[in-house]
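Quick notes on the structure that follows.
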2 protein chains.
Amino acid sequence: MLDSVDAAIVRELQNDARISNKDLASKVNLAPSTCLERVRSLKARGVLRGFHADVDLGSLGRPLLAFIAVRIRPHTREVVDPFIAYTLKLPETVALSHVAGPDDFLVQVAVRDAAHLQRLLLDGFTSRREVAHLQTHLIFSHVHKWATEPYGPYGLE
Amino acid sequence: MLDSVDAAIVRELQNDARISNKDLASKVNLAPSTCLERVRSLKARGVLRGFHADVDLGSLGRPLLAFIAVRIRPHTREVVDPFIAYTLKLPETVALSHVAGPDDFLVQVAVRDAAHLQRLLLDGFTSRREVAHLQTHLIFSHVHKWATEPYGPYGLE
DNA sequence: TTCCAGCCCGAATTATATGCGGATCATGAA
DNA sequence: TTCATGATCCGCATATAATTCGGGCTGGAA
């Protein structure tokens, strides 16, 4: 379990993963050496899974975001697993969720423009036999909340 | 625009935002001092927006993920803006997308369990006057692809 | 009480980050 | 072609930071 110091470390690293160990230690009131051990422990325990740059997709030539809701038929492991592997290999794919409900997957994609999206849909999805239904949701704006508060012992909810 | 060295730097920082400047420089074949300047420039130009730890939500007591598709009525700025602000303040909210289509918003939430989700839906959403329709999609699995390849000059697509 | 595990700290040692002067190179004007 | 200009890069010197390690403190078990 996480104690309050772990929670503080996690929060700071969610806010700024490139903070120096020294500054991090100072923010959570630990000596740098101790802080370093804490961070290592959090990584070892799988709490901290990685550190990633948040990049402006427009600068990468992919300013348009969309969700693609996909229904797969048949919804069996033999079909689902390859579909997941395939989708994750598409350069346009940003995130993939396997969900419950009428739709089976929600694929978040980043593309250059509408024409690119159209090509992706036609060539990348509807052309596949297992894809039974598609619905596209253009994304006007998207906000990711990088910091998530712990729920339970250290949350008050 | 990004040249190929910028693209390489961005890719490395997407993979590991806590890489040392020295190691990063070595990976992209630059001197550390030059690499530092490149990274600063990428931040200044808004290409690198931030660096964030990827945290295991289960460790934070929120192992259950869901999308909540929300329809708002009326869909006017006077109603939409406060709804966005409200939703982003909920501790359960992880991401919020304003989308085109029958649904107006897709809210990604992280909760402790089904009961928590139910409470969130009833007290946090359906109780609000502007919320006309809700549909919840439990997320069985979710994969985020941290690295996105540039599209255009440096992509081959 | 004694031992031990779990945490924490500070000092010393390495390693890294950063500021700067100056070299190199592509470009475009004369 | 020649020269000025700006952009980019590098290496070195110095300031900072990361990391290791020995040891102290505390609470619980025996």
Side-chain angles (χ1 to χ4, degrees), chain A residues 1-56 58-61 146-147 149-156, chain B residues 1-56 58-61 146-147 149-156:
Chain A
M1 204 54 199
L2 301 190
D3 64 20
S4 62
V5 177
D6 285 333
I9 290 174
V10 165
R11 184 167 0 101
E12 293 301 331
L13 287 174
Q14 281 181 309
N15 278 333
D16 176 12
R18 273 182 83 74
I19 188 174
S20 72
N21 179 62
K22 187 195 171 218
D23 290 350
L24 177 58
S26 145
K27 287 211 180 204
V28 303
N29 301 308
L30 282 180
S33 50
T34 309
C35 186
L36 195 62
E37 264 319 305
R38 286 270 191 166
V39 173
R40 281 181 179 151
S41 162
L42 286 165
K43 282 195 270 193
R45 283 184 279 160
V47 178
L48 294 172
R49 298 199 293 196
F51 307 94
H52 308 279
D54 172 29
V55 175
D56 172 50
S59 302
L60 261 41
W146 293 108
E149 288 302 315
Y151 183 92
Y154 299 100
L156 299 177
Chain B
M1 204 53 204
L2 301 190
D3 64 19
S4 61
V5 177
D6 285 334
I9 290 174
V10 165
R11 185 169 357 103
E12 293 302 330
L13 287 174
Q14 281 181 309
N15 277 333
D16 176 12
R18 273 183 84 74
I19 188 174
S20 73
N21 180 61
K22 188 196 170 215
D23 289 350
L24 176 59
S26 144
K27 287 211 181 203
V28 302
N29 301 308
L30 283 181
S33 51
T34 309
C35 186
L36 194 62
E37 264 317 307
R38 286 271 191 165
V39 172
R40 280 180 181 154
S41 163
L42 287 165
K43 283 195 269 194
R45 284 185 278 162
V47 179
L48 294 172
R49 299 198 293 195
F51 307 94
H52 308 279
D54 171 29
V55 175
D56 172 50
S59 302
L60 260 41
W146 293 107
E149 289 302 315
Y151 182 92
Y154 299 100
L156 299 178

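Lettering follows sequence order; numbering is per chain, from 1. Note that these values count all heavy atoms, side chains included, but never hydrogens, waters or copies made by symmetry.
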Qualifying ring pair (Phe, Tyr, Trp, His ring centres under 6.0 Å) pairs, either residue in residues 25-50 of chain A, two or more places apart | none

Quick note, ring pair (Phe, Tyr, Trp, His ring centres under 6.0 Å) partners involving residues 4-27 of chain B, not counting sequence neighbours, are none

For A:Asp6, what residues pass the side chain to side chain donor-acceptor pair (under 3.5 Å) criterion, not counting sequence neighbours?
-> A:Arg38, A:Arg45

Difference in axis direction between the ends of the helix from C:dT1-D:dA30 to C:dA30-D:dT1, five pairs, 10° = 20°

Return the set of residues passing side chain to side chain donor-acceptor pair (under 3.5 Å) with B:Arg40 (not counting sequence neighbours), or none when no residue passes.
-> B:Glu37

Sequence neighbours excluded - ring pair (Phe, Tyr, Trp, His ring centres under 6.0 Å) pairs with any residue from residues 24-53 of chain B = A:Trp146-B:His52

Here the distance between atom C1' of D:dT8 and atom CZ of B:Arg38, to the nearest Å, is 7 Å

For B:Asp3 and D:dC9, what is the distance between atoms CG and C1' respectively, to the nearest whole Å?
-> 12 Å

Please list, for nucleotides 23-29 of chain D, all pairs of protein and nucleotide N/O atoms separated by less than 3.5 Å.
none

Could you go through residues 25-33 of chain A and list every donor-acceptor pair under 3.5 Å that involves a side-chain atom there, pairing it with any protein atom two or more places apart or in another chain?
none

Show me the protein contacts with nucleotides 16-20 of chain C, counting only N or O atoms at under 3.5 Å.
from   : atom 1 : to      : atom 2 : distance (Å)
C:dT16 : OP2    : B:Lys22 : NZ     : 2.8
C:dA17 : OP1    : B:Asn21 : N      : 2.6
C:dA17 : OP2    : B:Asn21 : N      : 3.3
C:dA17 : OP2    : B:Lys22 : N      : 2.7
C:dG19 : OP2    : B:Arg40 : NH1    : 3.0
C:dG19 : OP2    : B:Arg40 : NH2    : 2.6

Qualifying ring pair (Phe, Tyr, Trp, His ring centres under 6.0 Å) pairs, either residue in residues 2-23 of chain B, two or more places apart = none

When you check the phosphate oxygens OP1 and OP2 of D:dC10, does a side-chain N or O of B:Thr34 lie under 4.0 Å from one of them?
-> yes

Quick one: side chain to side chain donor-acceptor pair (under 3.5 Å) partners of A:Asn15, sequence neighbours excluded?
-> none

